[in-house]
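One structure is given below, represented as structure tokens, and several questions about it will come after.
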There are 2 protein chains.
Amino acid sequence: MPPPKNPINSSPAGEKPRLSRDLVLTTALALVDAEGLDALTMRRLGQELGRDPMSLYRYAANRAALLDGVTELVLKELSISPGLPDWQAQLRQMAHGLRLLALRHPNVVPLLVTRPLSTPLGLRPLGTLRPLEQILALLIDAGFSPSDALHVYRAYYGFLYGHILNELQEFVVDPEENEALLRLGLHRLPAKEFPRLRALGPVLADYDGAAELDQGITILLNGLAVPLVHEEAAPKH
Amino acid sequence: MPPPKNPINSSPAGEKPRLSRDLVLTTALALVDAEGLDALTMRRLGQELGRDPMSLYRYAANRAALLDGVTELVLKELSISPGLPDWQAQLRQMAHGLRLLALRHPNVVPLLVTRPLSTPLGLRPLGTLRPLEQILALLIDAGFSPSDALHVYRAYYGFLYGHILNELQEFVVDPEENEALLRLGLHRLPAKEFPRLRALGPVLADYDGAAELDQGITILLNGLAVPLVHEEAAPKH
DNA sequence: CGCGTAAAGTCTACATCGTAGACAAGCTTC
DNA sequence: GAAGCTTGTCTACGATGTAGACTTTACGCG
């Protein structure tokens, strides 16, 4: 199908509300959600707002900055979860929160995992760093030393991002064609080289992301029950 | 500095070897390693090979396919590790192998984690699926049921990708300016909002990726020692 | 050897992109 | 009303991916 040129939101191109960074980012996010990252061009976004593309540069220095703004906007959706009994339950809940966020904005996930690669930690937008601070506080309050808290955070968030990437990879839009496509794909694999993978066809077909995530978190928490070892150097083998 | 236009490899633009998919992908990878993803344009790659940009389309359908080719090429570098005592040591070693691969080609990592999002599992290039099959075999041989093996694989690889993303984020090229930049960045953070993060400055400054990864794997393996629970549905809370 | 066919490489052309720079319109504050 | 800043617009340029027609090269078969 040809790329749909109709405006995403309801403005019938007649009204012209005053622009603002927030409005720009919001419609940018809507556009990405609806049509993917490639659809977010300066020109298209301008047209979506009924404005000259150049006007956008008053609110974002360039396209990259605009992308950063969108990721920050998405991360702001992360609701903090106050007052759960223990830190473990809290970690679990935050994990599910991030997962749902990713499912709500799958097209933004590449940005989420990729944009920070270009910006050193200290210089990232504050919204991006807030979850980190929260989890550190949570862990330290739970009794971890600050440095251990950092390590735990890394394991936790690392796993979390990894899970999200995994889940989105296996996600196929239409569940009807899902199985067909999957089987077709698996069938394509040479039987001698990929016996186990092919045998897993049925299991792969019904993927339960929430359960999978939960199981992973359980593994992680169980592992954390064993006290962390502190070593002077990385083990030789 | 202006973008360096000198050819990356040693060909002095006089010789014109016959093109091949392998040659194209190899120089593409070299270009990405040397100058980043953005430098990999059809025109630039053509110039690198001393050929018309259009000739590339004989070996890759379009730019996206070229990127896929590069990721597959990188994954082929993953050396399989035969004959280690137990499966745990093997997982650990493969993890370090992937980590080193990522450090060798940091600019390709975004592709590694991002490209599969656009391609359903069954239709991915074979090279991409080979590690999956290998780990499944490893786990099943170690006594896991096929379906448990899949879950463990997901937790393992998820964590692994997450760690790599984490590590590359905190990686700064010049270790001299590292500390400066880091402190500068941290100093920029509002003290009331980010007390723990700011306090971690020194710990953040000396990051040991290998040790961090090792610790994470240990946590994961410890967690796996506790038998996996099988639930009918995801827990309510 | 020669010739015909397929493969490999090239040329031209076009739509689309990000964005620099000069300018105009509109709002705020005396 | 005038001055000055903010916001939006216009025009223009270089770079990008790639379609389509063309030319060149390589190679098999008589």
Side-chain angles (χ1 to χ4, degrees), chain A residues 1-8 11 13-28 31-32 35-71 107 110-111 114-115 118, chain B residues 1-8 11 13-28 31-32 35-71 107 110-111 114-115 118:
Chain A
M1 56 176 172
K5 285 292 183 179
N6 328 40
I8 287 297
S11 68
E15 65 205 73
K16 291 204 166 191
R18 181 72 162 283
L19 282 190
S20 72
R21 178 168 167 89
D22 212 69
L23 178 59
V24 168
L25 291 183
T26 303
T27 46
L31 186 53
V32 171
E35 305 188 24
L37 277 179
D38 291 344
L40 180 55
T41 71
M42 303 306 261
R43 292 173 147 92
R44 178 71 197 280
L45 182 54
Q47 154 182 341
E48 213 67 39
L49 289 160
R51 285 287 145 69
D52 188 285
M54 277 298 132
S55 60
L56 303 175
Y57 287 88
R58 302 277 176 199
Y59 305 96
N62 48 40
R63 183 164 187 269
L66 199 127
L67 294 178
D68 284 334
V70 171
T71 72
N107 295 333
L111 294 184
T114 277
R115 294 302 313 170
S118 337
Chain B
M1 55 176 171
K5 285 290 181 179
N6 329 41
I8 287 297
S11 68
E15 66 206 72
K16 292 204 166 193
R18 181 73 162 282
L19 283 190
S20 71
R21 177 168 167 90
D22 211 70
L23 177 59
V24 167
L25 291 182
T26 304
T27 47
L31 186 53
V32 171
E35 304 187 25
L37 277 179
D38 290 344
L40 180 55
T41 71
M42 304 305 260
R43 293 173 147 91
R44 179 71 196 282
L45 183 54
Q47 154 182 343
E48 212 69 39
L49 290 160
R51 284 287 144 68
D52 188 284
M54 277 298 131
S55 60
L56 302 175
Y57 287 87
R58 303 274 174 200
Y59 304 97
N62 48 39
R63 184 163 186 268
L66 199 121
L67 294 178
D68 283 335
V70 171
T71 71
N107 295 332
L111 294 185
T114 277
R115 292 304 310 172
S118 338

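These numbers come from a predicted model, not from an experiment.
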For A:Arg44 and C:dG18, what is the distance between atoms CZ and C1' respectively, to the nearest whole Å?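 Checked: the CZ to C1' distance equals 17 Å.
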
For B:Arg115, give me all partners under side-chain hydrogen bond (donor to acceptor under 3.5 Å, both in side chains), at least two apart in sequence or on another chain.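 With neighbours one apart ignored, the set is B:Asp68.
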
Could you tell me how far apart A:Asp38 (CG) and D:dG17 (P) are, to the nearest whole angstrom?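 Answer to the nearest Å: 13 Å.
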
What is the distance, rounded to the nearest whole Å, between atom CZ of B:Arg21 and atom P of C:dA8?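 To the nearest whole Å, that distance equals 13 Å.
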
Pairs involving residues 53-66 of chain A, ordered by first then second residue, that meet side chain to side chain donor-acceptor pair (under 3.5 Å) (sequence neighbours left out):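 Non-adjacent pairs meeting side chain to side chain donor-acceptor pair (under 3.5 Å): zero.
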
Rounded distance [0.5 Å steps], OG1 in A:Thr41 versus CD in A:Glu48: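 Between A:Thr41 OG1 and A:Glu48 CD, I get 9.5 Å after rounding to 0.5 Å.
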
Set out, in order, the CA-CA distance, both residues' side-chain angles and the distance that settles side-chain contact (heavy atoms from CB on, under 4.5 Å) for B:Gln47 and B:Arg43, then state yes or no. CA-CA 6 Å; B:Gln47 154 182 343; B:Arg43 293 173 147 91; over 6 Å; no

Could you check B:Leu66 against B:Leu40 for side-chain contact (heavy atoms from CB on, under 4.5 Å), going step by step and ending with a plain yes or no? CA-CA 10 Å; B:Leu66 199 121; B:Leu40 180 55; 3.6 Å; yes

To the nearest Å, give me how far apart CG (A:Leu19) and C1' (D:dT9) are.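 Computing the A:Leu19:CG to D:dT9:C1' distance gives 12 Å.
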
I need the CG-C1' distance between A:Leu49 and D:dT9, as an integer number of Å.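 It is 15 Å, rounded to the nearest whole Å.
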
With sugar-phosphate taken as primed atoms, P, OP1 and OP2 and all else as base, the protein-contact string of nucleotides 23-28 of chain D at under 4.0 Å (heavy atoms; B, S, -) is ------

How many Å lie between CZ on B:Arg43 and C1' on D:dT16, as a whole number?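 In whole Å, D:dT16 C1' and B:Arg43 CZ are 6 Å from each other.
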
With A:Asp22 via side chain to side chain contact (heavy atoms under 4.5 Å, CB included) - residues at least two apart: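 Per chain and number, A:Asp22 pairs via side chain to side chain contact (heavy atoms under 4.5 Å, CB included) with A:Ser20, A:Thr26.
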
Yes or no on side-chain contact (heavy atoms from CB on, under 4.5 Å) for B:Leu56 and B:Leu49, after CA distance, side-chain angles and deciding distance? CA-CA 10 Å; B:Leu56 302 175; B:Leu49 290 160; 3.8 Å; yes

A:Met42 and A:Pro53: which non-hydrogen atoms are nearest, and at how many Å?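 That closest heavy-atom pairing would be O-CB, 3.8 Å.
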
In residues 52-65 of chain A, which residues come under 4.0 Å of DNA chain D by heavy atom?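 Close to the strand are A:Asp52, A:Met54, A:Ser55, A:Arg58, A:Tyr59.
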
Rounding to an integer number of Å, can you tell me how far A:Leu37 CG sits from C:dC17 P?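 Going from A:Leu37 (CG) to C:dC17 (P), I get 15 Å.
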
Which residues share a side chain to side chain contact (heavy atoms under 4.5 Å, CB included) with A:Pro110, sequence neighbours left out: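 A:Pro110 satisfies side chain to side chain contact (heavy atoms under 4.5 Å, CB included) with A:Leu37, B:Thr114, B:Leu117 once adjacent residues are dropped.
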
Between D:dC10 (P) and A:Arg51 (CZ): distance, integer Å: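 Distance check: A:Arg51 CZ to D:dC10 P gives 11 Å.
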
